[in-house]
Amino acid sequence: MARESMKNKVTITEIARQAGVSVPTVSRVVNGRSDVSPQTRARVEDLLRHHGYQRKSSAPGDRAALIDLVFNDLDSPWAVEIIRGVEEIAHASGVGTVVSAIHGASGSARQWMTNLRARASDGVILVTSVLEPRMHEELRRLGVPLVVVDPAGSPSLDAPTVGATNWAGGLAATEHLLGLGHRRIGFIAGPPRLLCSRARLDGYRAALEGADIAVDDALIVPGDFYHASGFDGCTRLLDLAEPPTALFAASDQMALGAIEALRRRGLRVPEDMSVVGFDDLPEVRWSAPPLTTVRQPLAEMGKLATRTVLRLAAGEEPASPRVELATELVLRASTAPRG
């Protein structure tokens, strides 16, 4: 009798532990979902039968399949492009998406974790954000798979990552300006805590060194990917005794801020200064002039991250633990030969 009682009290968490899969995977099997590999389904079904687990009857109020998409901030068209890619794949897979911003604050992150536990999310996509180690541990304890897009700092060893070829993009942008005859090329950097920012700066440096041009640190100014820092960075470069003749901004928004700073000085793009951005946001093809930029496949990154987290939630291995999608230089009207 006691043995029967223990069988009836077995939890999905215990089944998941014994099967070596996540809690959401066991939930999928219990609810008859099809997005679980045959081998995993058979293993979980065997354990459910062994423990005499009693399935609850399906009802309209049963929990829906959900994935969490977490940003540091949402006030950027860059984030919108990621969301668009995630939502396309999630919708096609019959999965809902919960979008959150944790604003880099531990209090916001803790509240998000509390909400995630309550809704029993199937997986998490973390975009250019950092979670405290104990929160990573909590995700592991809950069996919730994690995929990181554009990792901040060193990529987690136990989470697949999706990014872009930022170094190659920085190299291509700078080589384009060098090919137009520019030798003093300013650079407005992104947040140094982000790997993508550091990679774009390294690509810029590599292009200059490849052309036997010494890197001038005075031509490198800080930014944060947003318009205001592009405006301020360009202003600093224009105030140099010998300003640059071309400018590479590590994001499109900073490039647009730089163009506004040039306009207020009575300078023209590209006649007085060539400008290159990074991202290829939809708005830049309508800027004045249309912006030459490095296309980062943001929507595609969101799609791949979603496919990956759904594979993990189904108990499958990711196609690759580290993926970088190719960037591409898109030539428009904001660059021209020097002079």
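Here the shortest heavy-atom pairing between T40 and G315 reads OG1-O, 3.6 Å. The nearest pair of heavy atoms linking G190 to A250 is N-CB, 3.8 Å. For the pair A109 and M135, the tightest heavy-atom approach, listed with the atom from each and the gap, is C-CE, 3.5 Å. Shortest non-hydrogen contact noted between A207 and E175 is CB-CG, 3.8 Å. Minimum heavy-atom separation, Q253 to S76: OE1-OG, 3.3 Å. Scanning both residues, L312 and P145, for their nearest heavy atoms gives CB-CB, 3.5 Å.
In this structure, I15 and V44 have side chains that are in contact, with non-hydrogen atoms separated by less than 4.5 Å. Between V215 and I220 the shortest side-chain heavy-atom distance falls below 4.5 Å. At a threshold of 4.5 Å between non-hydrogen side-chain atoms, the residues H182 and M273 do not count as touching. The side-chain heavy atoms of L139 and M113, taken from C-beta on, include a pair separated by under 4.5 Å. Taking the side chain as every heavy atom from C-beta outward, L177 and T245 never approach each other to under 4.5 Å. The shortest distance between side-chain heavy atoms of T97 and L66 does not fall below 4.5 Å. When side chains are defined from C-beta on, K303 does not count as touching V86, because their heavy atoms never get closer than 4.5 Å. With a 4.5 Å cut-off on side-chain heavy atoms, L304 and I89 do not count as touching.
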Donor-acceptor list for residues 166-174 side chains, cut-off 3.5 Å, not counting sequence neighbours:
{"residue": "N166", "atom": "OD1", "partner": "R200", "partner atom": "NE", "Å": "2.8"}
{"residue": "N166", "atom": "OD1", "partner": "R200", "partner atom": "NH2", "Å": "2.9"}
{"residue": "N166", "atom": "ND2", "partner": "A164", "partner atom": "O", "Å": "3.0"}
{"residue": "T174", "atom": "OG1", "partner": "G170", "partner atom": "O", "Å": "2.9"}

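Ionic pairing of R311 and E317 is not present here: no N-O contact between side-chain nitrogen and carboxylate oxygen is shorter than 4.0 angstrom. Comment: R84 engages E81 in a salt bridge, judged by a side-chain N to carboxylate O separation of less than 4.0 angstrom. With respect to the salt-bridge test (charged N to carboxylate O, under 4.0 angstrom), the residues E260 and R264 qualify. Looking at D272 and R263, no side-chain N of the basic residue comes within less than 4.0 Å of a carboxylate O on the acidic one, giving no salt bridge. With respect to the salt-bridge test (charged N to carboxylate O, under 4.0 angstrom), the residues D46 and R49 qualify.
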### Message
With side-chain contact (heavy atoms from CB on, under 4.5 Å) as the criterion, how do V127 and N72 come out once you've worked through the C-alpha distance, each side chain's angles and the decisive distance to 0.1 Å?
### Response
CA-CA 7 Å; V127 185; N72 211 35; over 6 Å; no
### Task
Report the C-alpha separation of H50 and Q18 in whole Å, then their side-chain angles, then the decisive distance to 0.1 Å, and conclude whether the side-chain hydrogen bond (donor to acceptor under 3.5 Å, both in side chains) test is met.
CA-CA 11 Å; H50 173 73; Q18 293 184 24; over 6 Å; no
#### Entry: Working for side-chain contact (heavy atoms from CB on, under 4.5 Å), residues L194 and D150
CA-CA 8 Å; L194 298 181; D150 259 349; over 6 Å; no
### Task
List the steps and the verdict of side-chain contact (heavy atoms from CB on, under 4.5 Å) for V162 and V148.
CA-CA 6 Å; V162 177; V148 181; over 6 Å; no
### Query
Run the side-chain contact (heavy atoms from CB on, under 4.5 Å) check on D122 and V144 step by step: do they pass?
CA-CA 6 Å; D122 290 310; V144 178; over 6 Å; no
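Taking OG1 of T235 as the start and CG of L262 as the end, the distance is 8.5 Å to the nearest 0.5 Å. Residue L325 holds its CG atom at 7.5 Å from CD of E300, rounded to the nearest 0.5 Å. In this structure, M301 CE and I125 CD1 are separated by 11.5 Å, a value rounded to the nearest 0.5 Å. E138 CD to L142 CG: the interatomic distance, rounded to the nearest 0.5 Å, is 4.5 Å. Remark: S37 OG to E316 CD distance equals 5.0 Å, nearest 0.5 Å. The structure places CZ of R141 at 13.5 Å from CZ of R17, a figure rounded to the nearest 0.5 Å.
Judged by distance alone, with hydrogens and angles left aside, the side-chain atoms of T293 form no donor-acceptor pair with the main-chain N or O of R295 at under 3.5 Å. Here the side chain of S121 pairs a donor or acceptor atom with the backbone of G123 at under 3.5 angstrom. No side-chain donor-acceptor contact under 3.5 Å links D279 to the backbone of L281. Without hydrogens or angle criteria, S287 side chain to E283 main chain gives no donor-acceptor distance under 3.5 Å. Looking at T306, its side chain never comes within 3.5 Å of a backbone N or O of A90 through a donor-acceptor pair.
Applying the salt bridge (charged side-chain N to carboxylate O under 4.0 Å, His left out) test to pairs two or more places apart or on separate chains, none has a residue in residues 224-235. A ring-ring contact (aromatic ring centres under 6.0 Å, His included) check over residues 210-240, counting only residues at least two apart or in different chains, returns nothing. Within the structure, the side chain to side chain donor-acceptor pair (under 3.5 Å) test picks out the following pairs touching residues 330-339 (sequence neighbours left out): H176-T335, D280-R332, T292-T335. Within the structure, ring-ring contact (aromatic ring centres under 6.0 Å, His included) pairs that include any residue of residues 248-297 comprise F187-F248 (at least two apart or interchain).
The side-chain contact (heavy atoms from CB on, under 4.5 Å) with I259 is formed by just one residue from the set L291, V284, L247, L267; it is L291.
Legend: residues meeting side chain to side chain donor-acceptor pair (under 3.5 Å) with S251, ordered by chain and number and at least two apart, are absent. Remark: E328 pairs with no residue by the salt bridge (Lys or Arg N to Asp or Glu O under 4.0 Å) rule, at least two apart or across chains. Judged as a salt bridge (Lys or Arg N to Asp or Glu O under 4.0 Å), and not counting sequence neighbours, the contacts of D217 are R205. Remark: E271 pairs with no residue by the salt bridge (Lys or Arg N to Asp or Glu O under 4.0 Å) rule, at least two apart or across chains. Take R183 and apply the salt bridge (Lys or Arg N to Asp or Glu O under 4.0 Å) test, not counting sequence neighbours, and it matches no residue. In this structure V80 satisfies the side chain to side chain contact (heavy atoms under 4.5 Å, CB included) test with no other residue, sequence neighbours excluded. Take V70 and apply the side chain to side chain contact (heavy atoms under 4.5 Å, CB included) test, not counting sequence neighbours, and it matches D68, I102, W112, V124, L126.
Using a 4.5 Å cut-off between side-chain heavy atoms of Ile, Leu, Val, Met, Phe, Trp and Tyr, with links allowed through other members, V330 and V269 fall into different hydrophobic clusters.
In the model, Q296 has no side-chain atom that pairs as donor or acceptor with a side-chain atom of T327 under 3.5 Å.
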